[in-house]
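Right, one structure below, let's go through it.
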Amino acid sequence: MKTVPVYLNETLDPTLEAAKQKARSTYNAASDTFDDPANAYWDRYGRRTVERLNLSPGASVLDVACGTGASAIPAAKIVVPTGSVIGIDLAEKMLTRARAKAEAFGLSNIDFRQADMTQLGFADNSFDAVVCVFGIFFVPDMESLTAELLRMVKPGGKLAITTWGPDFFEPVYSVFKNFIGEKRPDLVTHFRPWDRTTSVSGVEQLLYDGGARNIMVQAELGEQPFLDSDSWWKMVMGSGLRGTVEALGPQLASRLRQANNTYIKENNIRSVKTNVIYGVAKKED
């Protein structure tokens, strides 16, 4: 069964501006748990995306929907001393954490900016690489955004788009979603553009429709182990599911948490799936 990417709020409105504001609010709230060890998959897949770019020192990189720097920071470490990275995100609290992490690593070649990824305004052929990890499906028209990101890549440079694969956060996500459907069906939406990008063929088609031709796509099976009895809830609260939980109100949220924990304990669940799809396109010279 296909599932919603974890960091997307189930309550996202199909109108673009409403979706942006809900995403900003959700991720500002989720920033307090986003970098918890229970959510180590963010850094893992950000780093693995950057590894697929084969960056060189001196390269310029744009990271769109950068969060707290899961891909921007690894990129900045590679392109020093003369290369640079710009990280873009809507959620200012995520960017505050990203700046603190970059400072802790002694990186001065990253510029984190609060901005709308659909209205960046950079010139054509501005960057050696453009990265968008778990962010392309924030907008309904993913093809247009893909084309816009590709426009900013220099000839011979690369565009990397990473999406969630099938069955993300299963088997617990189904329990989470079923509770929401029973108690607050108004919070469940059938507007799920991300369903088109949970397969290799879906990501290939997205890149092709966005104008890319030299395309390489790879699926990776993954899992995130539970580190303690509260790991699942830390994952929920450090992701886009945070918005759905807060929309429930404290009483229902507490019941949801208890129902999830009971399911995990009774079924001896020790991890959840974190499957991903990596798509890399090299721009034609």
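Everything quoted here is computed from the prediction, not taken from an experiment. When reading the values below, keep in mind they use all heavy atoms of this one structure, side chains included, and skip hydrogens, waters and symmetry mates.
Using a 4.5 Å heavy-atom cutoff, the side chains of F138 and L90 are not in contact. Side-chain contact between I277 and V217: present, with at least one pair of heavy atoms (C-beta onward) separated by less than 4.5 Å. I136 is not listed as a side-chain neighbour of V64, based on a closest heavy-atom distance of 4.5 Å or more. Taking the side chain as every heavy atom from C-beta outward, I269 and P171 approach each other to under 4.5 Å. The side-chain heavy atoms of T146 and L149, taken from C-beta on, include no pair separated by under 4.5 Å. Side-chain contact between I88 and L120 is present, with heavy atoms from C-beta onward closer than 4.5 Å. Between I86 and D63 the shortest side-chain heavy-atom distance does not fall below 4.5 Å.
Nearest heavy atoms, L53 versus A129: CD1-CB, 4.1 Å. Taking all atoms of both residues into account, the shortest heavy-atom contact from T197 to T163 is O-OG1, 2.6 Å. When all heavy atoms are compared, the tightest approach of V188 to K177 is CG1-CE, 4.3 Å. Between F179 and A259 the shortest heavy-atom distance is CD1-CB, 4.3 Å. The two residues A76 and L107 make their nearest non-hydrogen contact at CB-CD1, 4.1 Å. A pairwise comparison of heavy atoms in D89 and G67 identifies OD2-N, 2.9 Å as the closest pair.
A donor-acceptor pair shorter than 3.5 Å can be found between the side chains of S231 and D228. A side-chain donor from one of T118 and K20 sits under 3.5 Å from a side-chain acceptor of the other. Between S174 and E170, the side chains place a donor N or O and an acceptor N or O closer than 3.5 Å (distance only, hydrogens not considered). Defined by atom type and a distance below 3.5 Å, a donor-acceptor pair is present between the side-chain atoms of T49 and T162. Checking K154 against S126 by side-chain atom types alone, no donor-acceptor pair falls below 3.5 Å. Looking only at atom types and distance, the side chain of K283 has no donor-acceptor partner in the side chain of N214 under 3.5 Å away. In this structure, a donor-acceptor pair under 3.5 Å is absent between the side chains of S71 and Y45.
Atom OG of S239 is separated from atom CZ of F168 by 8.0 Å, given to the nearest 0.5 angstrom. Atoms OG and CD, on S108 and E103 in that order, are 11.0 Å from each other to the nearest 0.5 Å.
Between R242 and E246 a salt bridge is recorded (basic side-chain N to carboxylate O distance below 4.0 Å). Remark: D230 engages R257 in a salt bridge, criterion side-chain N to carboxylate O under 4.0 Å. A salt bridge does not link R44 to E220: none of the charged nitrogens lies less than 4.0 Å from a carboxylate oxygen. Ion pairing of R48 with D43 is absent here, as no side-chain N (NZ or NE/NH1/NH2) approaches a carboxylate O to less than 4.0 Å. Salt-bridge formation is detected for the pair K101/D35: a Lys NZ or Arg NE/NH1/NH2 atom is positioned less than 4.0 Å from an Asp or Glu carboxylate oxygen.
With a 6.0 Å cutoff to the six-membered ring centre and a 45° limit on the axis angle, R52 counts as a cation-pi contact of Y278. Cation-pi geometry between K77 and F105 is satisfied (NZ or CZ under 6.0 Å from the ring centre, within 45° of the ring normal).
A ring-centre distance under 6.0 Å is not found for W164 and F137. The distance between the ring centers of F127 and F122 falls below 6.0 angstrom.
Heavy-atom neighbours of R213 CZ from other residues, nucleotides or ligands within 6.0 Å: above the threshold of 12. Within a 6.0 Å sphere centred on NZ of K282, heavy atoms belonging to other residues, nucleotides or ligands number 12 at most.
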| task | For N109 and S84, run side chain to side chain donor-acceptor pair (under 3.5 Å): C-alpha distance rounded to whole Å, both residues' side-chain angles, the deciding distance at 0.1 Å, then the answer. | result | CA-CA 5 Å; N109 62 333; S84 62; over 6 Å; no
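In this pair, W42 and F34 present their aromatic rings parallel. The plane angle is below 30°, not in the 30 to 60° band.
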